[in-house]
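Since the model is a prediction, treat every value here as computed from it, not as a measurement. For reference, positions follow the sequence shown, starting with 1.
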Amino acid sequence: RKFRTIFESARDGIYLKDKHLRYTLVNPAMGRLFGLAPEAFIGKTDPDLFEKDAPENPDAEDELVLRGEVVETEENREIGGEQKTFQSIKVPMKGYNEEITGLCGFVRDQTEKKRLEAQLLQSQKMEAIGTLAGGISHDFSNIMQAVLGYCQVLMQDKPEDSTDYKDLEHIEQSVKQAVAFTRQLMTFTRKVEIELQPVDLNQVVRQVKLLLKRTFPKKIDIDLRLSESLFTVNADPGQLQQVLLNIGINARDAMPGGGRLVIETANADPEEGSSQDCRVLLAVEDTGSGMSEEVRKQIFEPFYTTKGAEGTGLGLAMVSNIIENHGGRISCQSQPGQGTRFNIYLPAARGPAAPKSETGPASVEKGLGETILVIDDEVYLRDFIETMLNRNGYRVIMAASGEEGIELYQKHRDSISAVILDLNMPGMGGRQCLAGLMDLNPQARVIVSTGDRSQFDPSDPVLQKACQIVQKPFEIREMLGKIKELLADRS
């Protein structure tokens, strides 16, 4: 009676086999694990029951057990159309005379454990990517700063209708896209706060179309159906681009033989019971393979993927997270063979969209010979900033470190009108340098520049003393405008 209680109530599968490796006793849990009635095992061998999954020598492990060894294994089987992972321990059974009469096995379903281990591994990979992204962001921003800066310096010398000017514009836009992708990666891996502003959603869609066309095969058409009277939305344009790119790439993969991707915008009525005046619809529809209801219900779950080793399972989870952070809602409609449609509803904003960022260097009022101290450890950045400032009416003093910067400021304090300080430098670093400058002159006008804005803690009492912060890579007009603004504000 005790044996029956233990045997039948166990949550792990338990079974006995005779010397011919036929099942002689199987508990209910064993039946549930393999989708069979316990009595269906009796008198059968593994090849009889699992011919489809049977290895070339299915009884090799059991033969070892019959020779007195304990064997622990892990194997995969397809049960009810689903791949399952089982861990089993097999021990020899002995009679009264110590003769081995068969074996006893214990089986545990490890499928969920393996799935969680895979998720943990993927999470650790993403954490590593976040660390890597943080480590390279400053260096990458410096490189892009030099490319963008010299590109805009060259554009100043070219007429806007020239071929060279147009080519330089393409370089400028490519640099900006590279920077945007890096910041998107930083936002996801390091949870950088999104920056909301009134956005023209149609403008975002048109920009994404250009990006998608570069990666889509020509047999996939991209159609835009945009409402001309669309309300603005409060959003981070880079994040919305990421949403469209992630959905678009999934659509591309669902149309290997070609098809059509439609992106639609429209004003929508407010949701019932919502305090929002109105909403904006952003819909993305493809003519791809579609998906089953079971798959559709899981697509927004982190690490869920149907792409095998090629997928991370983070694309649509990231999409869902971005939309939620914007106060919106996303839904999906799909059927096998009938394509997929995503409907995204975002709260409408009051007020006009932020002006479209201009390309090329705009005319900025030049300096009047004021002296600017530039403190940066990268020689090519110092050279670029010196070129930029000299060409726009400023004198420049260069320092390659925080220590040298403080020494030069102390020497030329009366003639220095402003300081451009890199925040991330070896040695004493930008923060300590800023503190040293303020000790020398509490009224010093300092512009801090950094490739990673997350390094700038607005609550830091030292960093609060900086007059301006400019994120690299900055445009010439942006930095010159900050300098002019700073020099004009004598208070």
Side-chain angles (χ1 to χ4, degrees), residues 1-125 292-295 297-298 301-306 308-309 313:
R1 212 177 282 124
K2 288 179 182 178
F3 169 77
R4 281 289 174 189
T5 300
I6 295 171
F7 183 75
E8 294 182 358
S9 62
R11 303 187 70 175
D12 290 340
I14 305 175
Y15 63 86
L16 302 179
K17 288 183 179 180
D18 61 20
K19 294 182 68 173
H20 302 291
L21 302 179
R22 293 188 296 257
Y23 287 94
T24 59
L25 192 62
V26 173
N27 75 338
M30 182 75 174
R32 289 192 296 270
L33 289 178
F34 290 91
L36 296 170
E39 55 269 20
F41 288 83
I42 306 305
K44 305 282 183 63
T45 64
D46 281 338
D48 296 334
L49 294 166
F50 310 112
E51 183 177 357
K52 180 180 178 182
D53 297 321
E56 293 182 6
N57 188 4
D59 298 330
E61 295 169 357
D62 290 355
E63 295 289 352
L64 289 175
V65 179
L66 293 179
R67 289 199 292 269
E69 296 187 30
V70 175
V71 175
E72 184 172 347
T73 63
E74 188 175 278
E75 60 184 353
N76 296 314
R77 292 186 185 274
E78 185 177 323
I79 306 296
E82 181 182 358
Q83 284 293 325
K84 296 274 191 176
T85 301
F86 297 105
Q87 180 187 29
S88 67
I89 300 175
K90 302 173 184 179
V91 298
M93 292 284 290
K94 297 181 180 180
Y96 290 110
N97 57 359
E98 294 299 311
E99 178 184 356
I100 295 176
T101 60
L103 62 86
C104 176
F106 304 87
V107 182
R108 176 169 292 177
D109 187 352
Q110 297 286 75
T111 307
E112 182 65 13
K113 178 185 175 185
K114 289 294 180 183
R115 186 181 70 83
L116 293 174
E117 287 176 350
Q119 288 186 2
L120 177 60
L121 178 61
Q122 193 65 46
S123 176
Q124 290 170 338
K125 286 181 181 179
S292 66
E293 181 66 12
E294 180 182 357
V295 171
K297 289 180 178 179
Q298 302 177 77
E301 295 179 8
F303 306 108
Y304 178 78
T305 179
T306 58

State, yes or no, whether a side-chain contact exists between [X] and [Y] at a heavy-atom distance under 4.5 Å.
{"X": "Leu33", "Y": "Arg77", "result": "no"}
{"X": "Leu116", "Y": "Glu112", "result": "yes"}
{"X": "Asn27", "Y": "Glu8", "result": "no"}
{"X": "Glu75", "Y": "Glu61", "result": "no"}
{"X": "Leu66", "Y": "Leu21", "result": "yes"}
{"X": "Glu99", "Y": "Lys19", "result": "yes"}

inquiry  = Could you work out, with ring-ring contact (aromatic ring centres under 6.0 Å, His included) as the rule, every residue matching Phe3, not counting sequence neighbours?
reply    = Phe7
By ring-ring contact (aromatic ring centres under 6.0 Å, His included) - contacts of Tyr15 (at least two apart) = Tyr23
Ignoring hydrogens, what is the shortest heavy-atom contact between [X] and [Y]? Give both atom names and the distance.
{"X": "Thr85", "Y": "Lys114", "answer": "CG2-CG, 4.1 Å"}
{"X": "Val65", "Y": "Ile100", "answer": "O-CD1, 4.2 Å"}
{"X": "Ala29", "Y": "Arg11", "answer": "CB-O, 3.7 Å"}
{"X": "Pro38", "Y": "Val26", "answer": "CB-O, 3.7 Å"}
{"X": "Thr24", "Y": "Lys17", "answer": "OG1-N, 4.1 Å"}
{"X": "Glu69", "Y": "Pro92", "answer": "O-CD, 3.5 Å"}

In Å and rounded to the nearest 0.5 Å, what is the [atom1] to [atom2] distance from [X] to [Y]?
{"X": "Gln87", "Y": "Thr73", "atom1": "CD", "atom2": "OG1", "result": "8.0 Å"}
{"X": "Ser9", "Y": "Arg4", "atom1": "OG", "atom2": "CZ", "result": "12.0 Å"}
{"X": "Phe50", "Y": "Ile79", "atom1": "CZ", "atom2": "CD1", "result": "6.0 Å"}
{"X": "Ile14", "Y": "Ile6", "atom1": "CD1", "atom2": "CD1", "result": "8.5 Å"}
{"X": "Asp46", "Y": "Phe41", "atom1": "CG", "atom2": "CZ", "result": "8.5 Å"}

Show the atom names and distances, to 0.1 Å, of all donor-acceptor pairs under 3.5 Å that link a side chain in residues 102-109 to residues at least two apart or in another chain.
residue, atom, partner, partner atom, Å
Arg108, NE, Asp12, OD1, 3.2
Arg108, NE, Asp12, OD2, 3.2
Arg108, NH2, Asp12, OD2, 2.7
Asp109, OD1, Thr111, N, 2.9
Asp109, OD1, Thr111, OG1, 2.6

